[in-house]
J.: 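Here's a structure for you.
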Amino acid sequence: MRFFGDKTKGQARSSLLRSTRAWFWRLAGLLRKAQRDAEFGEELESHLRLHIEDSVRAGMTPEAARREALIKLGGLEQTKENYRDRRGLPLLETTLQDLRFAFRMLRKSSLFAAVAVLTFALGIGANTAVFSVLDRDLLRPLPYPHADRLVLFGMLIPSFDSRPFLFTSSYLQLAPGATPFESMASWRPGVSGCDLTEERPSRLACVRAESTFLATFGIRPLLGSSFSAEEDGPNATPVCLISHGLWKSRFGGSAAALGQTLSLDGQPTRVIGVLPQNFEWPTLSHVDVILPEAISAAERTRPIAGVVRAYARLKPGVSMARAGAELRSALESWREASPPMFRKEIRLGLVSVREDQVGSIRLALLALFGASLAFLILAAANVANLFLARAAAREHELAVRAALGASRSRLMALELTESTLLGAFGGVAGAGIAFALLRLFVALAPAGIPRITQAGLDTRVLFFVVGTSLLAGLICGLVPALTPQPARALLGGPSLGPRRARLGAVLVTAQVAVSTVLVIGAGLFLDTLRNFETVPLGMHTSNLVTAEITLGRAYAEPQAAEEFFDRLETRLRNLPGVTGVAASDSLPPTGPEHAHEFFDMRVAGRPPFPQGTGGLVGWRRVTPGYFEMLGIPILEGRGFAASDQEEHAAAMVVSKKLADRLFPGQSGVGQGIQLSVPSGPWYTVVGVAGNVTDLNESGRVARADPEYYVARKRLSALGTAQEGEERHAFFLVRSPMRSAAVERLVRGAIASLDPTLPAKISTLAARVDLLRVEPRFNAALISLVATMGFLLASIGLYGVLAGLVSSRTREIGVRMALGANPRSMLAMVVSRGVRLVLAGLAVGVAMAFAIGHFVEGLLYGVSPFDPAIASTAALLLLVAGLAACYVPARRAARVDPVIALRYQ
Amino acid sequence: MSASKLDLLQGTLDLMVLQTLAAMGRLHGYGIARRIEQVSGDAVLLNQGTIYASLVRLQQRGWISAEWGTSTNNRKAKFYSITKRGRKQLSEDAAYWQRLSDVMGRVLALPEGSNNK
């Protein structure tokens, strides 16, 4: 109520209150809208009545009085309109009205809505589930501050190990000032089991790390502190840090845990810190206890006495490339310290921690995301087609609205509201589907996918869902809106204008193309899986139960371990129903535990092999029954006998591969072989065994080194046994009984000797099968997506053709009336359909070949350009296309010219 | 509508309605419109319907209150009355208008060319 700004502060404040109050009034005006409108209508009526009465009293006739009253009022509708504008909030009201209307329209065409929502839900659900996993692994920050600066570095020797490592002495020689790193930390490779030897014994996962570990990663313990450099010495009193989980389970989460002692492997170890709950070991292994690395004096000085994995934090502003350049001189000194045979292939290993975690599965994850995205596109294209068809049907209604004064933007807003609403519903349903899919993933996924148990529907993922569903809905709604129809729509019946028909055709072609890619992909992965499963292993796997035993510190004396295994073997042999027992230090198809350089052997009567040649040779320590139980054929000579286990026996069985290397063209039986040249023991070859295939962790055939076998004896005399090796053994138990029963018996036998000893008992078939989990998972997933995509594309094709037929009904009627053969109408529809499919196939095959190069790493035994698979996929889609043509084609052939012509 | 009706902004109409209610007490919409027409000599209201927009505004700000009742002729009508807040507002605005009209009167009374001395 002010014209010239002149408010005092108090007046300003109260004016703010006033407008706020006014706003609330308006908001409230939205509620009970109808009631208020009716009330106002009454008020106006009473106004008119009063005016009319006065006029009549003054002498006018009732009709003239009414007319005058209306004029003076200024128009009934106008007044009501003004009142309504005042009373509510126009924009919000319009949106609400749109929503309500959209809801009603969708209820009326509920089939369309249901199909659209379902299609959306499938696409969005699958995409969300995959995104959730992807987000956790590739996008989300690691739980360390400035995690992008954390790296794993060292030497990369591909034939030795796939990840960088350093010799302990090399690592310790790194002068901190001379490196591109702010701080470094190392740990002994491998998460080992340590026994919690207490009333309730259990096996924990322990790592041994340097005192700088937590500081380098920026992790602050929840309680207590990390161990210092002094506490990290080889002779210091043992201390440890425990995980959050262990803290909760063992100490009930009480602060009194600090200072308590755990008995680990028989050693009392004081707890000095508790790790935070979000703590993750950089290799994502499960870790219960962190112990000090305790590097011995020997390791410090003697080169290659031990290896460590080294992590570091780059100095701020130092890029990986620069760090790599700065480490070149260090690399040379590492090369010098390495055994000669490896020197040539040593490269610098420098990867970020994230790359180390996901590098191996990044390709699979991205392929999976690509597939799910393709699927979403298919789904969206289907819904867009549905919208096009529906728009064609509603044209008349929309034209009438336009004629009545609805502006184009209002009509578009209406359509978009409908499609966004569908998208929103689809998103909600999709979230549910994603949830179920994630559960499925976690249950089926191979161990190699990190953090999959953490993948869930959290805020980031939900944002993704909301974003995708709204976007999908919006785009699908825009498709018909952006292809306007000529005004003659008011006159004619439903017709698919030329532009829209073309758009529909393009959509279907795109769908067929995407579907082709998916189907080809599925074929490739299924073939890969088949190749994996049929790889000949060179051994039998049935009827064999395996027991993997690792003896704890209690068996520290070598004699104690051997004695235990001896007694166990006897016990196992005496079990009822057992027809054979064998032991080994490693089991195929996992490769041998031990290996040494080829040139470390020497054949009697021949000159020694030149240094640095030949690669590696693996070996296993086995008992006599080994070959027979695994069905490994003895091609020449004999296997081991009991006599070979005596102390001074020196028998060796070589694999065919090694025999071909050492004794090409002749029999190796009877030859003498010396190990640990030049002064090691001599062995006599007593037999040649068939080759056994080694598979690595992802089920691929490993680059198998030749191997030989020696008999397990009382005294181990080969190689440098690393700590704990003699305490690790595999037992094979053969029995025709059901494996579950045999497993129970074996467990009982072990427990009878040592009730606190945990053992991993399984069947050999199950162990082998485990290795195939990954290819099986890949194949299953892609096949699922491809099948669903295939169905969607077929449905899409059907929809477009059906729309085509119904829109050209009149034309078909005319043709038939003019004498055309119904058969030719059928042919017209079918040919249109086939043309669409062929176009889609061409594009699809081209796309598949273009992408093929990238997924080569995931395949095995099949090329991504395999013509057989491509042609099979093409055939499948062609057949599907023909099937989709069938109904519309028949309908076209059955058109009754009379009815069609009358259709107006 | 004839061009002679004074072109007034919303705020002034609100003020007139408030004044009418303050002077006349409880009135229905028609009555308020008639009163304003009488007092301003038919020169103000564009049409009677604009009263209602004004009444809604005043209600939203809490300066008037409304309730259904019966008129003198036993007709059902919605009656409005000014609230205490409304009276306060009215006195403030009336004072403002008075000052304004004084100033405007003095400014407009200046003879032409009086600045060029």
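Chain naming here is simple, since letters A, B, ... match the order of the sequence lines and numbering starts at 1 in each.
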J.: Salt bridge check, A:Glu42 against B:Lys76: does any charged N sit closer than 4.0 Å to a carboxylate O?
T.: yes

J.: Quick check: under 4.5 Å, non-hydrogen atoms only, which of residues 46-55 of chain A neighbour chain B?
T.: A:Ser46, A:His47, A:Arg49, A:Leu50, A:His51, A:Glu53, A:Asp54

J.: Around A:Phe103, counting heavy atoms of other residues, nucleotides and ligands shown, do more than 12 lie under 6.0 Å from its CZ?
T.: no

J.: Between atom CD of A:Glu43 and atom OH of B:Tyr30, what is the distance when rounded to the nearest 0.5 Å?
T.: 14.5 Å

J.: Hey, is CZ on A:Arg460 packed in by over 12 heavy atoms from elsewhere, all under 6.0 Å?
T.: yes

J.: Around atom CZ of A:Arg107, are there more than 12 heavy atoms from other residues, nucleotides or ligands closer than 6.0 Å?
T.: no

J.: If every non-hydrogen atom of B:Trp68 is compared with every non-hydrogen atom of A:Glu39, which pair is closest and at what distance?
T.: NE1-OE2, 3.4 Å

